[in-house]
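Written out below as structure tokens is the structure these notes cover.
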Amino acid sequence: MHPSSSDRRTLRELLAAEIQKDPSIVGARVPEGRGSRTVDLHTPIAPPADASSLKPIRASDPEGLHMIRHSTAHVLADAVQRLFPGTKVTFGPATDAGFYYDFDSPKGAFNDEDLAKIEATMKEIVSKKRPFVREVVAREAARALFDKLGETYKCEHIERLPANVEISLYRHGSLPGAAAGHQEAEWLDLCEGPHVPDTGFIGAIKLTSVAGAYWRGDERNPMLQRVYGTSFASEKDLADHLKLLEEAKERDHRKLGKELELFMFHEYAPAMPFLLPKGAFVYNRLVSFMRELYVDYGYEEVMTPQIFDKRLFETSGHLPNYRENMYLPMTAEYLDEAKMSLSVGVHHDHHHEYKAKDAERDRAVVDHLSEMERLGLKPMNCPSHCLIFGSRRRSYRELPWRMADFGRLHRYERGGVVHGLARVRSFCQDDAHIFCSPETMFDEIRSFIRLLYEVYAAFRFERVDIKLATRPDKRIGSDEQWDLAEKALPQALDEAELAYEVAEGEGAFYGPKLEFHIHDALKRSWQLGTLQVDYALPDRFELDFIGADGAAHRPVMLHRAILGSLERFLSVLIEHVGGNFPTWLAPEQVTIVTVSEKQAAYAEELGTLMTARGLRARADLSADKLGAKIRAARLSRVPYVAVVGDKEVTNRQVAPRSRDLNKDLGPMGLDAFIELLEGESRAPRLAKRSA
RNA sequence: GCUGACGUAGCUCAACUGGUAGAGCACCUGCCUUGUAAGCAGGGGGUUAGGGGUUCAAGUCCCCUCGUCAGCUCCA
């Protein structure tokens with residue numbers, strides 16, 4: 001399989017002239033197939049016919065940063081093996097934010113002190129500017145080498161590598177002789193690259209944390225010690241990154257949720273949020289915003305039960321496929337246990353004390369438990385919606401039917417995965433299911449995408465990335481159905497001129513899906529919206545409608561959400577705006593503060609007036625001085641503070657101060673100020689569609 | 001669920017190797033009558049997450065339970 005090495009040359013040779021001019025070149029994008037591949041300077045390739053097809057990568061490019069980080073992971077492993085002899089290495093890739101390396105260390109977990117020592121050693125290695133060297137070895141030689149070094153994980157990995165893969169090693173200079181972890185002059189790792197030319201390209205290093213991680217990510221495997229870190233081409237880039245982390249910490253919705261009294265948690269209902277008045281306001285405003293849009297987009301809202309007979313979830317397939325996430329008050333196993341301990345149905349001839357009365361009582365208990373055993377809390381709305389659709393004969397004239405539901409859902413999530421409002425056990429989605437004929441599916445997808453963009457624009461999410469998740473290996477439904485569904489999704493995206501990425505095989509088992517990822521103010525990506533095409537549930541519930549031809553047809557069901565979980569959306573929104581809700585969402589829009597107690601009556605009058613006009617105003621009549629009141633209002637992130645002193649009382653004015661401009665706007669007539677607030681209170685909408 | 005760390009007043013955090021639980025903010029009361037990010041004084045507030053153990057003595061050491069955090073895995 002390997003091309004003969006004689007005609008291959010490294011990029012260092014091929015790009016020699018360019019590197020001479022620009023020493024920051026660390027590799028290139030090399031055309032391969034329809035796309036391209038990132039190659040470092042160490043790796044020989046067959047020279048392309050057209051030398052200009054090699055696009056140089058500099059240390060400052062994203063791919064260059066990736067190489068820097070991957071190289072830093074090697075330096076990390078080098079340092080760890082030097083400081084903690086006996087430590088075995090496993091994998092150490094670069095990630096979006098940095099890199100990590102997983103170790104099997106006889107010492108166990110590393111502490112902060114260890115991290116500091118490791119970091120110092122890494123810096124020492126980096127300062128030597130030692131070159132990375134790539135070497136191709138035969139499989140057996142590699143096997144023997146890592147066997148000798150006692151690197152059992154690497155040996156296992158070599159075994160798993162496909163036979164046609166070239167096995168390469170990367171070495172870089174460690175400290176002299178026996179000090180190196182591998183008892184070699186140079187630290188080496190089984191690695192396919194790419195790496196920077198020398199360790200000097202690593203401009204700044206920071207080890208951030210340690211955590212346990214399973215070998216190969218499988219919880220049945222031994223736990224390894226993962227050291228996380230990040231690195232950059234320069235100290236300035238690192239400083240910028242750390243500042244961003246600091247900012248993210250400041251905006252953490254759990255912190256702001258507490259400070260701004262938006263929500264709370266209690267150990268009596270772990271991972272189930274309590275929305276306090278202010279948080280509940282924002283939540284309800286989100287719902288009312290969606291409802292306004294639903295009017296224009298032709299949705300109808302329904303309300304459905306919380307608790308169901310489990311037969312519903314048998315029909316829908318949730319019990320077989322989703323059981324571990326469902327809240328079941330009583331399971332068959334518990335019922336059996338209860339029967340055993342109550343000894344119902346067991347003869348008690350030798351127990352005089354177990355009387356007929358006891359048996360009767362125990363049977364009553366079991367009857368009650370048996371009834372409980374039939375129940376389950378809904379984890380999704382779709383089954384109820386199928387019941388509604390199927391409740392009577394439907395005509396094609398009723399389709400498409402866009403059925404919205406803000407019903408509360410309960411899903412059991414494992415203890416380690418819950419996170420503030422972002423991952424909870426009790427939540428609500430801006431959920432809707434569109435029942436339509438296969439022929440109108442395309443139009444529905446198109447209309448949904450327009451709605452989705454209108455919603456995201458209202459929250460000023462500037463960038464949306466779309467992923468198309470296609471058929472997984474394990475699936476239901478016919479290939480024809482899948483073809484149809486997988487054709488409709490990209491067609492709608494193409495028409496809207498939206499770029500997307502394909503995620504092969506990541507669709508739901510019942511249909512392909514679109515995922516909509518937004519970028520927040522701190523450039524972090526979150527999946528919010530989703531659209532799933534489903535042929536399976538209509539089948540399982542035997543749904544049909546009478547077509548124009550008088551025959552029964554099976555509808556297609558589109559599962560769709562834009563905000564996703566309202567709780568999660570709230571967490572994203574809080575962090576996106578840093579707690580500074582825009583006026584239309586702010587639980588309190590204006591705080592009226594008095595200069596002295598003399599203006600109290602006027603302030604109260606203003607509060608009443610504005611509240612009557614539908615604004616959210618409050619008068620702060622506390623004994624604090626003006627500065628203190630303004631400070632308090634600013635800390636609570638109110639968009640406007642309306643200052644009233646004697647001058648304002650006399651002229652029926654206010655002196656507003658804007659949160660977003662952080663300045664005093666000067667005296668303003670009362671009506672003008674109310675108009676300003678009313679204008680900002682309307683949710684942002686796109687222009688109506690023409691026809 | 002697993003690995004590790006953590007849990008002290010409403011919030012943020014102190015209390016050296018076991019030796020009388022504190023501060024700032026917030027809250028309440030009073031004084032000040034105030035002009036754009038903290039006026040002054042006084043006061044109330046704790047079974048140190050819960051339970052068990054070791055000890056003359058436990059916030060501190062050990063065990064269990066619950067919860068939280070960082071990861072792993074999973075996901076809206």
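So you know, we letter chains A, B, ... as the sequences are listed, proteins then strands, and number each from 1.
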side-chain contact (heavy atoms from CB on, under 4.5 Å) between A:Phe435 and A:Met403, intermediate numbers included: CA-CA 8 Å; A:Phe435 295 89; A:Met403 198 187 292; 3.7 Å; yes
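Listed by chain and number, the residues in a side-chain hydrogen bond (donor to acceptor under 3.5 Å, both in side chains) with A:Lys378 are A:Thr304, A:Asn381 (sequence neighbours excluded). Residues that satisfy the side-chain contact (heavy atoms from CB on, under 4.5 Å) test with A:Leu312, not counting sequence neighbours, are A:Phe308, A:Pro383, A:Leu387, A:Phe541. Remark: A:Ala632 engages no residue in a side-chain contact (heavy atoms from CB on, under 4.5 Å) (not counting sequence neighbours).
As rounded to the nearest Å, B:A21 and B:G45 have C1' atoms that lie 14 Å from one another.
No engagement by A:His266 is indicated, since no non-hydrogen atom pair under 4.0 Å with the nucleic acid exists. Using a 4.0 Å heavy-atom distance criterion, A:Val424 is classed as a base contact. Within 4.0 Å (heavy atoms only), A:Ala655 reaches at least one base atom of the nucleic acid. Within the nucleic acid shown, A:Arg425 has no heavy atom closer than 4.0 Å to any nucleic acid atom. No engagement by A:Asn325 is indicated, since no non-hydrogen atom pair under 4.0 Å with the nucleic acid exists. Within 4.0 Å of A:Glu413, counting heavy atoms only, lies at least one base atom of the nucleic acid.
Contact detail for A:Phe448 and A:Thr530: the closest heavy-atom pair is CZ-O, 3.8 Å.
If you measure from atom CD of A:Glu324 to atom P of B:C2, you get 17 Å, rounded to the nearest angstrom. Remark: C1' of B:G71 and CZ of A:Phe103 are 16 Å apart, rounded to the nearest angstrom.
Side-chain N or O atoms of A:Asp624 include none that pairs as donor or acceptor with a backbone N or O of A:Ala628 at under 3.5 Å.
Look at A:Tyr228 and you'll find a side-chain N or O under 4.0 angstrom from OP1 or OP2 of B:C72.
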Under 4.0 Å protein heavy-atom contact, by nucleotide of nucleotides 5-11 of chain B - B base, S sugar-phosphate only: ------S
Nucleotide-resolved protein contact map, nucleotides 37-48 of chain B, B/S/- at heavy-atom distance under 4.0 Å: BBS---------
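Distances were taken from every side-chain heavy atom of A:Arg568 (C-beta onward) to each of B:G67, B:C75, B:G71; the shortest belongs to B:C75. With B:U33, B:A76, B:G35 as the choices, the nucleotide that has an atom nearest any side-chain atom of A:Gln429 turns out to be B:A76.
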Base-pair map of RNA chain B as dot-bracket, where | denotes pairing with a different strand and pairs are Watson-Crick or G-U under 3.5 Å: (((((((..((((.....[..)))).(((((.......))))).....(((((..]....))))))))))))....
